[in-house]
Protein chains: 2
Amino acid sequence: MESVGMTAHDHGSCKAERLAAAHGFCDAHRLHFTAVRRRVFEILLDEHKALGAYDILARLKAEGFGSQPPVAYRTLDFLVKHGFVHRIERLNAYVACVHPCETHDPAFMICRLCNTVAETSALPSRGMLGPAAREAGFEIEQTVVEAIGVCPSCRAEGVAG
Amino acid sequence: MESVGMTAHDHGSCKAERLAAAHGFCDAHRLHFTAVRRRVFEILLDEHKALGAYDILARLKAEGFGSQPPVAYRTLDFLVKHGFVHRIERLNAYVACVHPCETHDPAFMICRLCNTVAETSALPSRGMLGPAAREAGFEIEQTVVEAIGVCPSCRAEGVAG
DNA sequence: CTTGCTATGTTATAGTATTCCATATACGGG
DNA sequence: CCCGTATATGGAATACTATAACATAGCAAG
Ligand SMILES: [Zn+2]
Ligand SMILES: [Zn+2]
Ligand SMILES: [Zn+2]
Ligand SMILES: [Zn+2]
């Protein structure tokens, strides 16, 4: 057991399960879970925190993959499009999803001190926005919910400000 | 009456009221509502939609203010910090607040076709995130809630996709 | 007036993302 | 198997977003 995100869990099996799930999903949907795509997903699973496109690009380059921005952005677009990875707007960064292969509305808690990102569900938020949207005649397709604050570990250190 | 955002309202008086409120707030808090700050706020009030920092910078430059990025970013930072303006993370853009001088948790509905932005309240969302945050020991300081979808006007045009 | 703080302005640079074109690989029909 | 087509990868160039660092100007308290 190691601590990742803001709670502890068995990360080794967590990674293996999600890789398998992603592979299965791609097979089932005639999508190509290619080497770069797999590798980027692995990198994000290993880090278990938000990484910028250029962080990922640097690793790809070091491993012999393409070295130009589109390589990272295309791969991330694919992973985001199919729900394996989420983009964190506030950080211009990406995290592996903790609920692979299920459509959902994620919400994130972002520590402003250590940049740790924890994913949770935002379905309630969509529900609450619903009335306002209905009144305005606005058709919600996707929600971005990101809470900024201080994680328990950083707060324990009393670094808060 | 003209239609702005996603509902109709009297925009002329809306602008005047908010300018006056901002001016009053600055007086009360020993803040300087200087020419650039006032002008940027006016620009955002006039547009009543999200503008990027460089859009604003271009107008400032045309009017004889400074022409370099920091001019726009500093001014926007001031307006955001004091709640006159909100940043839309999803668009890297800024909109005038519709509830000046009151602390609040805004939520936004963003039309992906015309980029119109409507502000509403996100307090419920904070409430719904609360349980997850408490369980994780995460201290929420600010929330970003942005719904992406299609506004009534764009949907009426049947352009949706 | 002088001192210190705030605000404005500029240059330069850093960080993020997309457009466009070329090559390569996978896939299905013949 | 071969070919045509769609998809995937690689890269050059460029656009867009944002900050760091420094200089000058305005203002207010002492
Ligand atoms: Zn998820
Ligand atoms: Zn932290
Ligand atoms: Zn507001
Ligand atoms: Zn629209």
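All chains are named by letter (A, B, ...) in the order of the sequence lines, taking the proteins before the strands, and each is independently numbered beginning at 1. Worth saying up front: this structure is predicted, and the values here are computed from it rather than measured.
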[X] side chain N/O closer than 4.0 Å to the phosphate oxygens (OP1, OP2) of [N]?
X	N	result
Arg87(A)	dA17(C)	yes
Arg37(B)	dT8(C)	yes
Asn92(A)	dG15(C)	no
His32(A)	dC27(C)	yes
Tyr73(B)	dA18(D)	yes
Thr34(B)	dT8(C)	yes

(request) Examine the side chains of His99(B) and His86(B) and answer whether a donor and an acceptor come within less than 3.5 Å of each other. (result)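 Side chains of His99(B) and His86(B): no pair found under 3.5 Å.
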What is the distance from [atom1] of [X] to [atom2] of [N], rounded to the nearest Å?
X	N	atom1	atom2	answer
Asp55(A)	dA14(C)	CG	C1'	14 Å
Lys61(A)	dA12(D)	NZ	P	10 Å
Ile88(A)	dG15(C)	CD1	P	20 Å
Arg90(A)	dT16(C)	CZ	C1'	16 Å
Tyr54(B)	dA15(D)	OH	P	14 Å
His82(B)	dT6(C)	NE2	P	11 Å
Gln68(A)	dT14(D)	CD	P	14 Å
Arg74(B)	dA21(D)	CZ	C1'	11 Å

(request) For the helix from dC1(C)-dG30(D) to dG30(C)-dC1(D), measure the angle between the helix axis at one end and the axis at the other, each built from five pairs, rounding to 10°. (result)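 The helix from dC1(C)-dG30(D) to dG30(C)-dC1(D) shows an end-to-end axis angle of 30°.
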Keeping [X] on the side-chain end and [Y] on the backbone end, is there a donor-acceptor pair under 3.5 Å?
X	Y	value
Arg155(B)	Gly137(A)	yes
Glu146(A)	Ile110(A)	no
Arg18(B)	Cys97(B)	yes

(message) Assigning hydrophobic clusters by single linkage (Ile, Leu, Val, Met, Phe, Trp, Tyr; side-chain heavy-atom cutoff under 4.5 Å), is Leu60(B) placed with Leu51(B)?
(response)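 Result: yes, single cluster for both.
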(request) Report which part of the nucleic acid Ser67(B) touches: base, sugar-phosphate, or nothing (heavy-atom distance under 4.0 Å, all strands). (result)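 Result for Ser67(B) = sugar-phosphate.
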(message) Students often get this wrong, so: under 4.0 angstrom with heavy atoms, is Arg30(A) touching a base, only sugar-phosphate, or nothing?
(response)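 If one applies the 4.0 Å heavy-atom cut-off, Arg30(A) turns out to touch nothing in the nucleic acid.
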(message) For Val36(B) and Gly52(A), find the nucleotide of DNA chain C closest to each by heavy atoms; which residue's nucleotide sits nearer the 5' end?
(response)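 Its nearest nucleotide lies further toward 5', so the answer is Val36(B).
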(message) Show me the pairs that pass side chain to side chain donor-acceptor pair (under 3.5 Å) and involve residues 61-71 of chain B, at least two apart or across chains.
(response)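 Passing the test, one end in residues 61-71 of chain B: Arg39(B)-Glu63(B).
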(request) Using the six-membered ring wherever Trp is involved, compare the ring planes of Phe84(A) and Phe41(A) and label them parallel, tilted or perpendicular (cut-offs 30° and 60°). (result)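 Phe84(A) and Phe41(A): tilted rings.
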(message) Are there over 12 heavy-atom neighbours, none belonging to Lys49(A), within less than 6.0 Å of that residue's NZ?
(response)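 Not more than 12 within 6.0 Å, no.
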(message) On DNA chain D, does the nearest nucleotide to Phe78(A) precede the nearest nucleotide to Pro70(A) from the 5' side, or the other way round? Give the residue.
(response)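 Going by which nucleotide is closer to the 5' end, it is Phe78(A).
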(request) State which of dA18(D), dT9(D), dT10(C) makes the closest approach to the side chain of Ala53(B). (result)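 Among dA18(D), dT9(D), dT10(C), the one nearest the side chain of Ala53(B) is dA18(D).
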